[in-house]
Amino acid sequence: MRMVDVISKKRDGKELTTEEIQFVVDGYTAGKIPDYQVSALAMAIFFQDMTDRERADLTMAMVNSGETIDLSAIEGIKVDKHSTGGVGDTTTLVLAPLVAALDVPVAKMSGRGLGHTGGTIDKLEAIEGFHVEITKEQFIDLVNRDKVAVIGQSGNLTPADKKLYALRDVTGTVNSIPLIASSIMSKKIAAGADAIVLDVKTGAGAFMKTDKDAENLAHAMVRIGNNVGRQTMAVISDMSQPLGFAIGNALEVQEAIDTLKGEGPEDLTELVLILGSQMVVLAKKAKDLDEAREMLKEVMANGKALAKFKDFLNNQGGDGSIVDDPSKLPQAKFKIDVPAKESGVVSEIVADEIGIAAMLLGAGRATKEDEIDLAVGIMLRKKVGDKVAAGEPLVTIYANKEDVKAVEAKIYENIRVSDKAEAPKLIHTIITE
């Protein structure tokens, strides 16, 4: 088999065989096929697309290119959740203990963030002592005992995807639905889940800016999951404005605590209940979504979800007492209100630009080497559709430096006030096939 023949075949819009896809992934992972040939194939895929069978084959070839995690020693149906990312996306911090409180095993593998704020691990490390460097045996034991644990991503999980992702980044082939979908799903499948709930974001703060693109990606991932024997579904949710109020690591942990108490922002609470209900049904702990939702609301109301979060933190070396006293979280030196210049209704909060404003404070990373300041960030005081009076705060900046003029300027540029506006619809659609 020759790589040039595989490239030519896909260039001409023909379907690659399972063996040809395996040949490419094996050869590229082993360093036998050069970057320039895989770049040519990626561009051919970008223009010619792939069939559902090709996408599933590419996903499984990448899964099998490195380690896979065997979670069979964990009792019950393991349901994983993946978000395509956004601004103020605190869902995992709330979802994991919430569904674990209903005896759904949550064996979560998470990474660090590159962008507006930290990833799930960075956010959890705002809690003193918390760590994800645990052995696989400890990980499995914790999930069997307390139903929830988070481990850092294994170095040798889907090495083919890591190489291909880096190549796509520099060859203009990032925005290819089959390549995005197989990249995301290869990591989820290698991480050992039995069922997968996807939260695909759409809007200004999302990777997919339009509903059409988000739906195409969601359908692609759901089909891959179902084609390789993992029950998979997707929720397409709004990211035209940040989710919740908090953007920043310690601030998001506090917001997660509030949400687990049933006192969180309306949009974050609703999204968590929708995603959580799907997870509970997939885990066969409820007969339908309505029953699952009521069960989740009950463990929020009776304190079991919050207690589960505390256990989870303590189990992984964290100071669980922050649940009762969030002032123990890292605190910023300065709190600076940014007042509205006019009265009216908030009509737009450009999510990605507000995320960048938080990153300018140190809440996120522009490069992999950047250190995150866990205390800093932005707290929204108004959301789209809310009335605001001139002089009333639009946001509060949490900073460890006094000069935040550049951040204030970015906020004023990207929060608009007009005569009238309606809150955006949170859930755009749900995809199960």
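Just so it is clear, the structure is predicted and the values come from calculations on it, not from any experiment. We use all heavy atoms of the structure for the numbers below, so side chains are in, but hydrogens, waters and symmetry mates are not.
Here Glu294 pairs with Lys297 in a salt bridge; the nearest charged N to carboxylate O distance falls below 4.0 Å. Using a 4.0 Å cut-off between a side-chain N of Lys or Arg and a carboxylate O of Asp or Glu, Asp49 and Arg55 qualify as a salt bridge. A salt bridge links Glu54 to Lys10: one of the charged nitrogens lies within less than 4.0 Å of a carboxylate oxygen. Taking a cutoff of 4.0 Å between a charged side-chain nitrogen and a carboxylate oxygen, Asp352 and Lys209 qualify as a salt bridge. By the 4.0 Å N-to-carboxylate-O rule, Arg365 lies close enough to Asp122 to be salt-bridged with it.
The two residues Glu125 and Phe130 come nearest to each other via the heavy atoms CG-O, 3.9 Å. Across every non-hydrogen atom of Ser347 and Ala421, the tightest pair is CA-CB, 3.5 Å. Closest heavy-atom contact between Ile180 and Val174: CG1-O, 3.2 Å. Summarising the geometry of Asp194 relative to Gly76, their closest heavy-atom pair is OD2-O, 3.8 Å, with the distance given to 0.1 Å. Closest approach of Tyr28 and Asp35 over heavy atoms only: OH-OD1, 2.8 Å. The shortest non-hydrogen separation linking Ser182 to Leu58 is OG-CD2, 3.4 Å.
The closest side-chain heavy-atom distance from Thr18 to Arg53 is below 4.5 Å. Here the side chains of Ile21 and Met60 are not in contact, with every heavy-atom distance at 4.5 Å or above. Counting only heavy atoms from C-beta outward, the side chains of Ile140 and Glu137 never approach each other to under 4.5 Å. Counting only heavy atoms from C-beta outward, the side chains of Leu98 and Phe309 never approach each other to under 4.5 Å. A 4.5 Å side-chain heavy-atom check between Asp213 and Ile177 finds every atom pair outside the cut-off. Using a 4.5 Å heavy-atom threshold, the side chains of Lys147 and Val104 count as separate. When side chains are defined from C-beta on, Leu217 counts as touching Met221, because their heavy atoms get closer than 4.5 Å. Looking at heavy atoms from C-beta onward, Ile45 lies in side-chain contact with Leu41 at the 4.5 angstrom threshold.
One finds the CD1 atom of Ile430 at 7.0 Å from the CG atom of Leu289 (value rounded to the nearest 0.5 Å). To the nearest 0.5 Å, the span separating CG on Asn315 from CG on Leu142 amounts to 5.0 Å. For the atom pair Gln231 CD and Lys284 NZ, the distance stands at 5.5 Å (nearest 0.5 Å). Rounding to the nearest 0.5 Å places CG of Leu251 at 11.0 Å from NZ of Lys123. In this structure, CG on Leu16 lies 9.5 Å from CG on Asp57, to the nearest 0.5 angstrom. Expressed to the nearest 0.5 Å, how far NZ of Lys382 lies from CZ of Phe245 amounts to 9.5 Å.
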Apply salt bridge (charged side-chain N to carboxylate O under 4.0 Å, His left out) to residues Lys14 and Glu20 and explain how you reach the verdict.
CA-CA 12 Å; Lys14 293 173 183 165; Glu20 284 166 335; over 6 Å; no
Take Thr17 and Lys9 through the side chain to side chain contact (heavy atoms under 4.5 Å, CB included) test and state the conclusion after the steps.
CA-CA 10 Å; Thr17 67; Lys9 189 175 177 182; 3.9 Å; yes
Apply the test side chain to side chain contact (heavy atoms under 4.5 Å, CB included) to residues Val228 and Thr59: give CA-CA distance (whole Å), side-chain angles for both, the deciding distance (0.1 Å), then the verdict.
CA-CA 9 Å; Val228 303; Thr59 302; 5.6 Å; no
Please walk me through it: do Asp324 and Lys310 pass salt bridge (charged side-chain N to carboxylate O under 4.0 Å, His left out)?
CA-CA 9 Å; Asp324 307 306; Lys310 198 178 202 176; 2.5 Å; yes
Evaluate the criterion side chain to side chain contact (heavy atoms under 4.5 Å, CB included) for residue pair Val350 and Ile354; output intermediate values, then yes/no.
CA-CA 6 Å; Val350 185; Ile354 298 300; 5.5 Å; no
Could you go through Leu282 and Ile196, starting from their C-alpha distance and side-chain angles, then the distance that decides it, and tell me whether this counts as side chain to side chain contact (heavy atoms under 4.5 Å, CB included)?
CA-CA 8 Å; Leu282 286 174; Ile196 301 162; over 6 Å; no
Show your working on side chain to side chain donor-acceptor pair (under 3.5 Å) between Thr92 and Lys108 and close with a plain yes or no.
CA-CA 9 Å; Thr92 295; Lys108 188 90 183 118; 4.8 Å; no
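With a 6.0 Å radius and a threshold of 12 heavy atoms from other residues, nucleotides or ligands, Asp419 has its CG atom at or below the threshold. Annotation: Glu128, atom CD; neighbour count of heavy atoms from other residues, nucleotides and ligands within 6.0 Å does not exceed 12. Applying the 6.0 Å contact sphere to NZ of Lys304 captures no more than 12 heavy atoms from other residues, nucleotides or ligands. Taking a 6.0 Å sphere around CD of Glu392, one finds it holds more than 12 heavy atoms contributed by other residues, nucleotides or ligands.
Remark: side-chain polar atoms of Glu291 are paired, donor with acceptor, to backbone N or O of Lys287 under 3.5 angstrom. Of the possible donor and acceptor atoms, none in the side chain of Asn314 sits under 3.5 Å from a partner among the backbone N and O of Asp311. A donor-acceptor pair under 3.5 Å is absent between the side-chain atoms of Asp146 and the main chain of Val148, judged by distance alone. Side-chain atoms of Glu67 do not come within 3.5 Å of backbone N or O of Leu157 as any donor-acceptor pair. Counting only distance, with no hydrogens or angles, the side chain of Asn144 and the backbone of Glu75 share a donor-acceptor pair below 3.5 Å. Remark: the backbone N or O of Leu71 is paired with a side-chain donor or acceptor of Lys78 at under 3.5 angstrom. Checked by atom type and distance alone, the side chain of Lys328 never pairs as donor or acceptor with a backbone atom of Ile127 at under 3.5 Å. Remark: the backbone N or O of Val197 is not paired with any side-chain donor or acceptor of Gln278 at under 3.5 angstrom. In terms of modelled atom types and a separation under 3.5 Å, the side chain of Asp161 and the main chain of Met62 share no donor-acceptor contact. At distances below 3.5 Å, at least one donor-acceptor pair connects side-chain atoms of Asn226 with backbone N or O atoms of Thr232.
For the residue pair Lys163 and Thr29, no side-chain donor N or O sits within less than 3.5 Å of a side-chain acceptor on the partner. No side-chain donor-acceptor contact under 3.5 Å links Asp52 and Asn227. Side-chain contact annotation: Lys187 with Ser183, donor-acceptor N/O pair under 3.5 Å present.
Residues passing the side-chain hydrogen bond (donor to acceptor under 3.5 Å, both in side chains) test with His428, sequence neighbours excluded: Asp211, Asp238.
Taking the ring centre of Phe207 as origin, the terminal cationic atom of Lys201 falls outside the region bounded by 6.0 Å and 45° from the ring axis.
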